[in-house]
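Here is the structure we will look at, set down as structure tokens.
To find a chain, count down the sequence lines: A is the first, B the second, and so on, and within it residues start at 1.
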Number of protein chains: 2
Amino acid sequence: MNNFEFYSPTEFVFGKNTEERTGELVARYGARRVLLVYGSERIVRTGLLGRVEESLRKAGVDYTLFGGIQPNPTDTMVYEGIRLGKEKQVDMLLAVGGGSVIDTAKAIAAGLAYEGDFWDFYAGTAIVQTALPVGVVLTIPAAGSEGSGNSVITQVSTNKKISLRTPRALRPKFAIMNPELTMTLPPYQTAAGAVDMIAHIQERYFTNTPHTEVTDALSESLLRTIIEVTPKVLASPNDYDARAALMWCGTLAHTGLCGTGNEEDWSSHAIEHELSAFYGVTHGAGLAVIFPAWLTFMADHNVDKVAHYAHQVWGVPATADKRADALEGIARLKAFFHAIGMPTSIAELGIDNFDLELINSHLHVTKGERVGNFIPLNEAHTRQIYEYAVRG
Amino acid sequence: MNNFEFYSPTEFVFGKNTEERTGELVARYGARRVLLVYGSERIVRTGLLGRVEESLRKAGVDYTLFGGIQPNPTDTMVYEGIRLGKEKQVDMLLAVGGGSVIDTAKAIAAGLAYEGDFWDFYAGTAIVQTALPVGVVLTIPAAGSEGSGNSVITQVSTNKKISLRTPRALRPKFAIMNPELTMTLPPYQTAAGAVDMIAHIQERYFTNTPHTEVTDALSESLLRTIIEVTPKVLASPNDYDARAALMWCGTLAHTGLCGTGNEEDWSSHAIEHELSAFYGVTHGAGLAVIFPAWLTFMADHNVDKVAHYAHQVWGVPATADKRADALEGIARLKAFFHAIGMPTSIAELGIDNFDLELINSHLHVTKGERVGNFIPLNEAHTRQIYEYAVRG
């Protein structure tokens with residue numbers, strides 16, 4: 001086990017009707033004027049926005065609405081939010097939505113506390129020292145941004161989708177999580193969210209660090225739980241307990257707990273981000289294509305942990321042939337993805353003009369020569385993984 | 001799954017040489033004058049105290065030493081610490097030790113921020129609204145107090161051992177955890193610590209709350225890991241990775257994570273606290289006697305989860321006879337306790353003057369008519385459990 005720091009100070013308020021406590025929580029953290037960031041008008045139609053607004057009014061909190069955040073959120077919206085936040089002199093960001101909304105709110109929170117261009121943080125030329133506090137009312141269990149210090153934003157002018165990771169500054173102060181709010185999510189988004197959770201765990205699980213007994217046990221147990229409850233949620237969208245289990249797994253997948261003491265990988269995310277940036281695919285659906293392709297590559301290059309994963313997570317009987325065990329595990333992962341309505345090939349992802357060389361070279365322009373840690377991947381390696389993704 | 005709040009803001013700094021960062025962490029939380037609370041002179045002999053002092057000096061932090069905290073810590077020492085802390089005008093408590101030292105530091109931290117008698121909090125006549133910050137350098141993996149808001153103190157005049165639970169105020173700001181510091185722990189204390197961890201998980205695991213898939217999965221995985229690594233630690237006290245796994249499990253067992261959404265039980269702790277208060281036994285050793293007795297009672301009164309536990313944690317094959325499965329699981333738990341040098345009967349605990357009726361009536365005087373939730377226990381129930389503990 002490597003040395004590590006684990007700091008997850010977010011206050012999680014989980015369960016039915018918890019959105020009615022939004023005002024109380026905003027006030028607890030001393031805020032008086034919030035910028036309420038959201039995405040589509042779905043939260044208006046469902047009445048959620050009205051309930052949140054009422055709770056804020058009751059607590060004496062002023063707020064300004066800032067809607068229209070899209071999936072794969074952009075720097076353009078962040079700049080607009082910073083402008084509005086300055087104008088309204090807000091002292092907190094309140095994100096009502098999923099990962100794209102939360103990531104945008106975090107970027108605005110960092111930008112409002114910084115004299116320079118917020119993109120400096122994503123470009124790696126500045127470090128987030130301080131930020132306005134961020135609160136969350138979560139509506140989509142997937143990205144885990146409600147419990148992480150991370151934010152992923154796409155720069156429109158360059159098509160670069162960059163993940164910013166902060167140890168402290170961008171961790172939300174609180175996250176209100178009512179599983180009932182997720183019952184109206186379409187099946188495709190629900191399933192893509194489950195894939196995202198699985199990917200967040202697996203990016204940490206596939207490590208060369210020796211002696212990862214604790215994180216292996218936690219990760220495998222969460223993976224098995226996600227695999228168990230996702231089909232239940234799809235079969236019965238109003239199953240509260242299954243929705244609750246999936247939602248809590250999504251947070252625990254990404255607080256950092258599952259990676260404590262591990263060297264993490266994150267190459268599947270990097271490889272997928274190019275698909276989202278160029279073809280606008282849903283992140284989770286892209287991961288459903290890329291992660292099996294990445295694992296297939298690893299079955300030939302670093303098989304031990306992949307075979308172990310097949311045994312522990314997918315119940316593949318252990319044989320003398322680790323590569324065969326690993327491939328059987330990957331086959332079961334793909335079958336699971338298909339069963340929950342997820343694609344496992346570029347074509348199934350709906351991309352009919354896939355330009356492998358463009359994507360592969362852009363990945364290495366964005367990320368540099370080395371992508372990932374489980375096997376550090378060069379351009380030839382990632383080309384092979386994209387080829388596996390095409391083949392499906 | 002019930003509604004819940006989960007808030008674990010402690011910053012865990014884990015790994016080799018991390019005690020050298022004590023001063024940096026104290027300073028990060030703005031403290032200048034700490035009361036350094038510790039137990040025996042072991043930390044002087046091992047050089048740990050010297051390294052911590054040097055780190056504090058380097059960071060420009062003043063400190064006052066307050067040693068001599070004993071296992072099953074008392075209100076007497078808390079009063080003395082409060083007196084000293086006031087005199088020195090300290091602004092932070094730094095606990096260097098295990099659960100008893102941390103719990104004492106928490107009580108002093110609450111008392112220093114309160115006009116009245118600190119025991120009011122333990123007596124339940126006042127609620128901890130605020131407290132001085134507490135930092136920890138952990139030397140004994142067991143109580144999990146480094147990651148909890150709880151503190152257990154014994155009132156000498158009444159022999160009442162009371163557990164105080166706070167949602168926020170007494171959670172340590174940081175916990176420095178170097179597994180190397182645990183290598184000099186005697187085998188008995190190491191094993192008793194492992195039992196304490198197991199008990200912390202099981203007190204939350206045995207619940208009547210339906211649909212606890214996530215906490216079941218996490219709890220079972222941590223239990224299996226503790227069962228796997230404890231014998232390794234005892235066989236090879238300097239096995240860093242096994243020590244590290246055990247230490248991290250001890251924290252995760254008690255942050256509250258394993259109980260998220262569950263109605264928890266805690267009757268085994270209450271039943272054991274009487275043994276510690278009257279006979280001064282090591283808490284973990286007492287739990288090794290009480291928990292199997294409690295489970296044996298439950299095999300007759302609420303068997304389903306006990307059988308499930310036997311299957312999932314102890315690998316007992318599932319049969320049509322749940323009670324038999326449960327009893328086989330309990331037999332394996334006891335065999336494990338014996339294998340790691342722990343007692344499973346009152347006699348093995350070294351108590352030769354056990355007064356069952358006195359202990360049982362004192363328990364209900366201290367705790368009231370109802371003890372626990374899995375089955376709310378009356379005096380007849382707990383008498384039966386103590387009888388099972390005598391029988392072993």
- request: Name the option with the most non-hydrogen atom pairs under 4.5 Å to chain B; the candidates are A/Phe4, A/Phe12, A/Phe6.
  value: A/Phe4
Taking all atoms of both residues into account, what is the closest heavy-atom pair of [X] and [Y], and its distance?
{"X": "B/Leu222", "Y": "B/Cys258", "result": "CD1-SG, 3.7 Å"}
{"X": "B/Ala113", "Y": "B/Ala131", "result": "CB-CA, 3.8 Å"}
{"X": "A/Ala110", "Y": "A/Val128", "result": "CB-CG1, 4.1 Å"}

message: Taking side chain as everything from C-beta outward and backbone as N, CA, C, O, which of these in B/Ile226 sits under 4.5 Å from a heavy atom of chain A? Side chain, backbone, both or neither.
response: neither
- prompt: With only heavy atoms counted, which part of A/Leu252 is less than 4.5 Å from chain B, the side chain, the backbone, both or neither?
  reply: side chain
Give every donor-acceptor pair between chain A and chain B closer than 3.5 Å, one pair per line, or write none.
from, atom 1, to, atom 2, distance (Å)
A/Met1, N, B/Asp241, OD1, 2.6
A/Asn3, OD1, B/Lys16, N, 2.8
A/Asn3, ND2, B/Lys16, O, 3.1
A/Phe4, N, B/Phe14, O, 2.9
A/Phe4, O, B/Phe14, N, 2.8
A/Glu5, OE2, B/Arg21, NH1, 2.8
A/Glu5, OE2, B/Arg21, NH2, 3.1
A/Phe6, N, B/Phe12, O, 2.9
A/Phe6, O, B/Phe12, N, 2.9
A/Glu11, OE1, B/Arg168, NH1, 3.0
A/Glu11, OE1, B/Arg168, NH2, 3.3
A/Glu11, OE2, B/Arg168, NH1, 2.8
A/Phe12, N, B/Phe6, O, 2.9
A/Phe12, O, B/Phe6, N, 2.8
A/Phe14, N, B/Phe4, O, 2.8
A/Phe14, O, B/Phe4, N, 2.9
A/Lys16, N, B/Asn3, OD1, 2.8
A/Lys16, O, B/Asn3, ND2, 3.1
A/Arg21, NH1, B/Glu5, OE2, 2.8
A/Arg21, NH2, B/Glu5, OE2, 3.1
A/Tyr29, OH, B/Arg168, NH2, 3.4
A/Arg168, NH1, B/Glu11, OE1, 3.0
A/Arg168, NH1, B/Glu11, OE2, 2.8
A/Arg168, NH2, B/Glu11, OE1, 3.3
A/Arg168, NH2, B/Tyr29, OH, 3.4
A/Asp241, OD1, B/Met1, N, 2.6
A/Trp248, NE1, B/Thr260, OG1, 3.0
A/Thr260, OG1, B/Trp248, NE1, 3.0

In Å, rounded to the nearest 0.5 Å, how long is the span from [atom1] of [X] to [atom2] of [Y]?
{"X": "B/Ile102", "Y": "B/Leu93", "atom1": "CD1", "atom2": "CG", "answer": "11.5 Å"}
{"X": "B/Leu246", "Y": "B/Leu185", "atom1": "CG", "atom2": "CG", "answer": "9.5 Å"}
{"X": "B/Leu94", "Y": "B/Ile176", "atom1": "CG", "atom2": "CD1", "answer": "7.5 Å"}

- request: Apply side-chain contact (heavy atoms from CB on, under 4.5 Å) to A/Ala31 and list each qualifying residue two or more places apart in sequence or on a separate chain.
  value: A/Val26, A/Val34, A/Asp91, A/Met92
